[in-house]
Amino acid sequence: MNIPKSKDLSTRAISLFCSRFNGQVVVKATTPSTQLLARHYVKNQRPNKSIAFFADQQTAAYGKGGRPFYAPKNTGLYFSLVLPPRLSPQLANIGLFTTGVAVAIRRALHTFYPYHDFRLKWVNDLYIEQQKVAGILNELIFCPALDQSCCVLGIGINLTTTTFPTKLQSVARAIDPNRSVDRNRLAAVLLDQLTYTIFHYQDGQLLTDYRAHSLLIGHCVRVVMNHTVILGTVITIDDHARLVIEDDQHRFHHLASGDVTKIIF
């Protein structure tokens, strides 16, 4: 197999390395946001197969709640994956799907960095110790041409980034600034793992893996949900991927959404 030799992302190389993913791969040198590229595609095309948009750099990347995501050139892996309606999860299963995606990302990263203990912060962030190394955004975007919604996954991973904006320096880090990996191979493994997740996120195995690598279970947390603040200890992640918290009044809260704004280790 003649694989292009380059540190740059390559459509051809990623496609050749994939073993499960059989969708389309698009690579951009720079773009404001791969998520915006994907959204535009859904709104103006008729997606009948998966398509992944990668970029070496994003200048206006965003995450959950529209919060900015720092995506400098060549030091991370940034992409958005469009799933056609037949592969997109139903709204009722979004929690299970999103936690399954987090497990897929963790498994792929563990293959390349087996010496790191990647932990999953409910619902969609990956951490090493107490700092974020990857984020996942899951959006359902309506496709006018199909009169259905497509799932658009946005994923950003800090691989070797050493310089972060001031407000992120204490909360974000690189996986390993001293070790470069083949980003084309990593991209392919990520797409293959995500392909597996699409067909298996409801069978329970991925949720078991998610619990085993949870950053939150057993810790006291502060969660903001619909302008309500909940303080308590995380007991588990239930079978619907909801965060189960016991507060100081011994009341149990099963949260399907919310932002964990503080963790007491």
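Note that the coordinates shown come from a computational prediction; the quantities given were computed from them, not determined experimentally.
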Legend entry - Polar side-chain atom of Arg20 near backbone of Asn22 as donor-acceptor pair, under 3.5 Å: no
Inset, instruction - Report yes if the side chains of Val101 and Asn124 come closer than 4.5 Å at any heavy-atom pair, otherwise no. - result: no
Legend entry - Same apolar cluster (I L V M F W Y, side chains within < 4.5 Å links), Phe54/Ile157: yes
Legend entry - Distance (rounded to the nearest 0.5 Å) between Gln131 CD and Ser170 OG: 7.5 Å
Legend entry - Test side-chain contact (heavy atoms from CB on, under 4.5 Å) applied to Phe112 and Leu190, step by step: CA-CA 11 Å; Phe112 287 80; Leu190 285 162; over 6 Å; no
Legend entry - Heavy-atom side-chain contact between Val223 and Leu243 under 4.5 Å: yes
Inset, instruction - Ignoring hydrogens and angles, tell me if any N or O in the side chain of Asp192 forms a donor-acceptor pair with the backbone of Phe21 under 3.5 Å. - result: yes
Inset, instruction - Supply the atom-to-atom distance His253 NE2 to Asp247 CG, rounded to the nearest 0.5 angstrom. - result: 3.5 Å
Inset, instruction - Give a yes or no on whether Glu246 atom CD has more than 12 heavy-atom contacts from other residues, nucleotides or ligands under 6.0 Å away. - result: yes
Legend entry - Within-4.5 Å side-chain heavy-atom neighbours: Asn74 and Gln57: no
Legend entry - Any Thr166 side-chain heavy atom under 4.5 Å of Gln169 side chain: yes
Legend entry - Nearest atoms (heavy-atom pairs only) where Leu191 meets Ala52: CD2-CB, 4.0 Å
Inset, instruction - Begin with the C-alpha distance, continue with both residues' side-chain angles, and end with the deciding distance and a verdict on side-chain contact (heavy atoms from CB on, under 4.5 Å) for Gln205 and Thr208. - result: CA-CA 5 Å; Gln205 179 188 3; Thr208 297; 5.7 Å; no
Legend entry - Other ILVMFWY residues reachable from Tyr78 by side-chain steps of under 4.5 Å: Phe69
Inset, instruction - Kindly compute the distance separating OG1 (Thr98) from CG (Leu137), expressed to the nearest 0.5 Å. - result: 9.5 Å
Inset, instruction - Give, for atom OH of Tyr201 and atom CG of Leu207, the distance between the pair rounded to the nearest 0.5 Å. - result: 13.0 Å
Inset, instruction - Tell me whether Val189 is reachable from Leu126 by hopping between hydrophobic residues (I, L, V, M, F, W, Y) whose side-chain heavy atoms are closer than 4.5 Å. - result: yes
Legend entry - Spatial distance of atom CD1 (Ile263) from atom CH2 (Trp122) [nearest 0.5 Å]: 12.0 Å
Legend entry - Minimum-distance pair of heavy atoms, taken over all atoms of Thr75 and Pro72: OG1-CG, 3.3 Å
Inset, instruction - Describe, in one word, how the ring planes of His116 and Tyr113 are oriented to each other, choosing from parallel (under 30°), tilted (30 to 60°) and perpendicular (over 60°). - result: tilted
Legend entry - Inter- and intrachain pairs under salt bridge (charged side-chain N to carboxylate O under 4.0 Å, His left out), touching residues 103-114, at least two apart: Arg106-Asp209, Arg107-Asp209
Inset, instruction - Kindly indicate whether the side chain of Val171, heavy atoms from C-beta on, has any atom under 4.5 Å from the side chain of Lys132. - result: no
Inset, instruction - Assess whether side-chain contact (heavy atoms from CB on, under 4.5 Å) is satisfied between Leu194 and Ile105, documenting all intermediate values. - result: CA-CA 8 Å; Leu194 290 170; Ile105 304 305; 4.2 Å; yes
Legend entry - Contacts of Ser15 that satisfy side-chain hydrogen bond (donor to acceptor under 3.5 Å, both in side chains) - sequence neighbours left out: none
Legend entry - Of all pairs that satisfy salt bridge (charged side-chain N to carboxylate O under 4.0 Å, His left out), the ones with a partner from residues 77-103, not counting sequence neighbours: none
Inset, instruction - Would you kindly confirm whether Phe79 and Val42 end up in one hydrophobic cluster when ILVMFWY residues are joined by side chain heavy atoms under 4.5 Å apart? - result: no
Inset, instruction - Identify the heavy atoms of Thr197 and Ala104 that sit nearest to each other, and give their distance. - result: OG1-CB, 3.2 Å
Legend entry - Qualifying residues under side-chain hydrogen bond (donor to acceptor under 3.5 Å, both in side chains), relative to Tyr62, sequence neighbours excluded: Glu139
Legend entry - side chain to side chain contact (heavy atoms under 4.5 Å, CB included) partners of Ile51, counting only residues at least two apart: Gln24, Val26, Tyr41, Phe53, Val82
Legend entry - Close side-chain approach of Pro84 to Ser50, heavy-atom, < 4.5 Å: yes
Inset, instruction - For the residue pair Asn184 and Ser10, confirm or rule out a side-chain donor-acceptor distance under 3.5 Å. - result: no
Legend entry - Atom pair CD1/CD1 of Ile155 and Ile136 - distance to nearest 0.5 Å: 5.5 Å
Legend entry - Minimum heavy-atom distance between Gln148 and Pro85, given as atom pair plus value: OE1-CB, 3.6 Å
Inset, instruction - Kindly write out the residues that satisfy side-chain hydrogen bond (donor to acceptor under 3.5 Å, both in side chains) with Asn44, not counting sequence neighbours, or none if the list is empty. - result: His40
Inset, instruction - Scan for side chain to side chain donor-acceptor pair (under 3.5 Å) pairs involving residues 222-239, sequence neighbours excluded, and state none if there are none. - result: Arg211-Asp239, Arg222-Thr261, Asp238-Arg242, Asp238-His254
Inset, instruction - Considering only Ile, Leu, Val, Met, Phe, Trp and Tyr, and joining two whenever side-chain heavy atoms are under 4.5 Å apart, list the other residues clustered with Ile94. - result: Leu91, Leu140
Legend entry - Within-4.5 Å side-chain heavy-atom neighbours: Leu215 and Leu120: no
Inset, instruction - Look at the side chain of Asn158 and the backbone N and O of Thr161, then say whether any donor-acceptor pair between them is shorter than 3.5 Å. - result: no
Legend entry - Pairwise salt bridge (charged side-chain N to carboxylate O under 4.0 Å, His left out) hits with a residue in residues 256-265, at least two apart: Lys64-Asp259, Arg67-Asp259
Inset, instruction - Answer yes or no: is there an ion pair linking Arg179 with Asp176, defined by an N-O contact shorter than 4.0 Å? - result: no
Legend entry - Check against side-chain contact (heavy atoms from CB on, under 4.5 Å), Leu77 and Leu9: CA-CA 9 Å; Leu77 194 60; Leu9 289 174; 3.8 Å; yes
Legend entry - Phe118 side chain near Ile175 side chain, heavy-atom distance below 4.5 Å: yes
Legend entry - Cluster overlap Leu37 with Val27, hydrophobic side-chain contacts below 4.5 Å: no
Legend entry - Minimum-distance pair of heavy atoms, taken over all atoms of Val123 and Ala102: O-CB, 4.3 Å
Inset, instruction - Consider only side-chain heavy atoms of I, L, V, M, F, W and Y, link residues closer than 4.5 Å, and tell whether Tyr115 and Val181 are in one cluster. - result: yes
Inset, instruction - Keeping the roles fixed (side chain from Ser88, backbone from Cys151), state whether a donor-acceptor pair exists under 3.5 Å. - result: yes
Legend entry - Heavy-atom pair with the smallest gap, counting every atom of Ala174 and Leu159: CB-O, 3.5 Å
Legend entry - side-chain hydrogen bond (donor to acceptor under 3.5 Å, both in side chains) involving Ser80 - partner list, sequence neighbours excluded: Thr34, Gln35
Legend entry - Test applied, side chain to side chain contact (heavy atoms under 4.5 Å, CB included); reference residue, Ile245; option that passes from Leu231, Val260, Ile235, Val221: Val221
Legend entry - Partners passing ring pair (Phe, Tyr, Trp, His ring centres under 6.0 Å) against His219 (at least two apart in sequence or in another chain): Phe265
